[in-house]
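First listed ligand is number 1; within each ligand, the first listed atom is number 1. For reference, positions follow the sequence shown, starting with 1.
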Amino acid sequence: MSPSSLRTYFLVALALAPILTLLRRRTRRSFKLPRKNERILIVGASSGIGRTLAHQYAELGVKGVCVVGRRAENIADVVTECNSRKGPNTEIIGITGDFAEAADMVKIRTQLESLWGGIDTMIVAAGVSALLPLMEVAGAQPGNVGTDGIQHVVDVAALATRGNYVGPLVTAVTFIPLLQTSSPHPSILLVNSLAAVIPAPTRTIYASTKAASLLLYQALAIEHPVIAFTHVLPSTVEGDFRASAVDGGKAREADPNKTGLKRGAVARRCISAIERGEKNVFMPWTMGPGHLLYWIWPAFVEWRASAKYKFTPPR
Ligand SMILES: NC(=O)c1ccc[n+]([C@@H]2O[C@H](COP(=O)([O-])OP(=O)(O)OC[C@H]3O[C@@H](n4cnc5c(N)ncnc54)[C@H](OP(=O)(O)O)[C@@H]3O)[C@@H](O)[C@H]2O)c1
């Protein structure tokens, strides 16, 4: 393909982006639940985007916000923070639990059924990072990788799969029946990642496990058309997400706290996407055409991704 036809493809994709955004919106759901009646469950709210979403929903005066995470101390702090922001009609509940554990999610569902009679909106913000090139996870030497190294890759992949795929899976199976039977306008929002649709070096395990849950929820949206599904795909966001990478890796890119998206902006965009019934949201929006560009001109996107993650392939 000549450079001029590539340029034409790119310009056409850019021009089509706003139209595609409109088409991606879910027009069928014209009525949204009044905020004062909305009962919201946020899984993965002990820090980061989920915690900020809890603050914002508390300020909006919804009926209830339930925050979930494994760290009990953090969950107690989030409840205190939300209580200091909320109005008189909002109830804040904090429950500790692991979203990949069926018993934990059923315990939360039972509590919400008895306290609120159900939920209207479920947000799955929980996830784990993995930051090393695959062969570094395996400790591979030039021309050789041993059994122990391969097994270590399998173990790391199992942790990432648990945090990025099994958790969203267990949460969906547990709460979809409750959402369908207890809400007149049920919604599910998955905080996923741009890495799930645009490949990047050092993100092989992270991106592939995020892609698995993205496809899971996109397919569930077809199986459950009464539920409005929204999938938010942010690029790098400020915060400590990389600090607990399941492969022990360190971030190579520019400091997310200086260059990343702001948590407040991501949370606001999540709320507006739910309220407008949008299906897939890229953050920033220019990454939508960027995603298309990968299929038209993969070499360009691969070069940009290598530069962002300061990655040079081993010889
Ligand atoms: N930060 C970024 O640059 C970025 C970019 C794109 C997408 N994302 C996605 O955004 C989401 C939120 O990330 P963040 O930046 O807010 O990171 P974060 O501050 O590390 O938050 C992750 C949340 O997930 C929870 N979590 C992890 N494993 C869990 C488990 N097994 N059970 C229950 N909760 C669990 C954590 O709580 P506990 O540890 O208390 O359980 C925490 O509340 C993730 O899904 C991530 O993939 C992040």
Which segment of R263 sits under 4.0 Å of ligand 1 when only heavy atoms are counted: neither
N/O to N/O below 3.5 Å, does that happen between S193 and ligand 1? no
Considering N192, T209, V191 one by one, which has a heavy atom nearer to atom 7 (C) of ligand 1 than any of the others? N192
For ligand 1, indicate whether the residue N74 contacts it via side chain, backbone, both or neither (heavy-atom separation under 4.0 Å). neither
Is the NZ atom of K262 crowded by more than 12 outside heavy atoms at less than 6.0 Å? yes
Polar-atom distance check: T236 versus ligand 1, any N or O pair below 3.5 Å? no
Working to the nearest 0.5 angstrom, can you tell me the gap between T171 OG1 and Y217 OH? 5.0 Å
I'd like to know whether ligand 1 has E101 as a neighbour, heavy-atom separation below 4.0 Å. no
Side chain, backbone, both or neither: the part of K210 lying under 4.0 Å from ligand 1 by heavy atom: side chain
Is the shortest N/O to N/O distance between G50 and ligand 1 below 3.5 Å? no
If we only count N/O pairs under 3.5 Å, is V237 in contact with ligand 1? yes
Geometric N/O contact V128 with ligand 1, under 3.5 angstrom: no
Report the part of A45 in contact with ligand 1, treating N, CA, C, O as backbone and CB onward as side chain, heavy atoms under 4.0 Å; options are side chain, backbone, both, neither. backbone
Taking S235 as the fixed residue, which of T286, I198, L261 is the one that meets the side chain to side chain contact (heavy atoms under 4.5 Å, CB included) rule? L261
Yes or no: does P234 have any heavy atom under 4.0 Å from an atom of ligand 1? yes
Would a distance-only check, ignoring hydrogens and angles, find a side-chain to backbone donor-acceptor pair under 3.5 Å from T90 to V62? yes
Under 4.0 Å between a side-chain nitrogen and a carboxylate oxygen: does that hold for R252 and E136? yes
Give the residue, atom name and distance (to 0.1 Å) of the protein heavy atom nearest atom 15 (O) of ligand 1. F241 CB, 3.6 Å
So, E81 and R51, do they make that salt bridge, N to O below 4.0 Å? yes
Closest heavy-atom contact between A251 and R242? CB-CD, 3.5 Å
E253 and its salt bridge (charged side-chain N to carboxylate O under 4.0 Å, His left out) partner, picked from K310, R203, K308: R203
Is it the case that atom CG in D240 sees more than 12 heavy atoms from other parts of the structure closer than 6.0 Å? no
Aromatic centroids of F99 and F175 separated by under 6.0 Å: no
Protein heavy-atom partner closest to atom 11 (C) of ligand 1 - residue, atom, separation in Å: A125 O, 2.9 Å
Closest protein heavy atom (residue, atom, distance) for atom 19 (O) of ligand 1: S47 OG, 2.8 Å
Atom 31 (N) of ligand 1 - nearest protein heavy atom and its distance: D98 OD1, 2.9 Å
Are any of the N/O atoms on N164, whether in the backbone or the side chain, positioned under 3.5 angstrom from an N/O atom of ligand 1? no
Atoms in ligand 1 flagged as close to G44, the criterion being non-hydrogen separation under 4.0 Å: 23 (C), 24 (O), 25 (C), 43 (O)
Carboxylate-amine/guanidinium contact K107 E101, below 4.0 Å: no
Where does S244 meet ligand 1, judged by heavy-atom distances below 4.0 Å: at the side chain, the backbone, both, or neither? neither
Do L194 and ligand 1 have an N or O pair less than 3.5 Å apart? no
Does G264 offer a backbone N or O that forms a donor-acceptor pair with the side chain of Q56 under 3.5 Å? yes
Please state whether the rings of W303 and F300 are parallel, tilted or perpendicular, taking 30° and 60° as the class boundaries. tilted
Should G167 be listed as contacting ligand 1, given a heavy-atom distance under 4.0 Å as the test? no
Looking at A126, which atoms of ligand 1 are within less than 4.0 Å of one of its heavy atoms? 24 (O), 25 (C), 26 (N), 34 (N), 35 (C), 45 (O)
Taking only heavy atoms of G48, which atoms of ligand 1 are found under 4.0 Å from at least one of them? 16 (O), 19 (O)
CZ of R39 to CD1 of I93: how many Å apart, nearest 0.5 Å? 11.0 Å
Nearest-neighbour protein heavy atom for atom 16 (O) of ligand 1, which is reported as residue plus atom name and distance: I49 N, 2.8 Å
Under a single-linkage definition using a 4.5 Å side-chain heavy-atom cutoff for Ile, Leu, Val, Met, Phe, Trp and Tyr, are V106 and M122 assigned to the same hydrophobic cluster? no
Under 4.0 Å between a side-chain nitrogen and a carboxylate oxygen: does that hold for R162 and D98? yes
Identify the protein heavy atom lying closest to atom 28 (N) of ligand 1, giving its residue, its atom name and the separation to 0.1 Å. R70 NH2, 3.1 Å
Evaluate S46 for polar contact with ligand 1, using N/O atom pairs at a separation under 3.5 Å. yes
Does the distance from a Lys or Arg side-chain N to an Asp or Glu carboxylate O, for R276 and E278, drop under 4.0 Å? yes
Heavy-atom contacts with G97 under 4.0 Å: which atoms of ligand 1 show up? List them by number with element. 32 (N), 33 (C)
Shortest protein heavy-atom distance from atom 5 (C) of ligand 1, along with the residue and atom involved: S235 O, 3.2 Å
Identify the protein heavy atom lying closest to atom 22 (C) of ligand 1, giving its residue, its atom name and the separation to 0.1 Å. G127 O, 4.0 Å
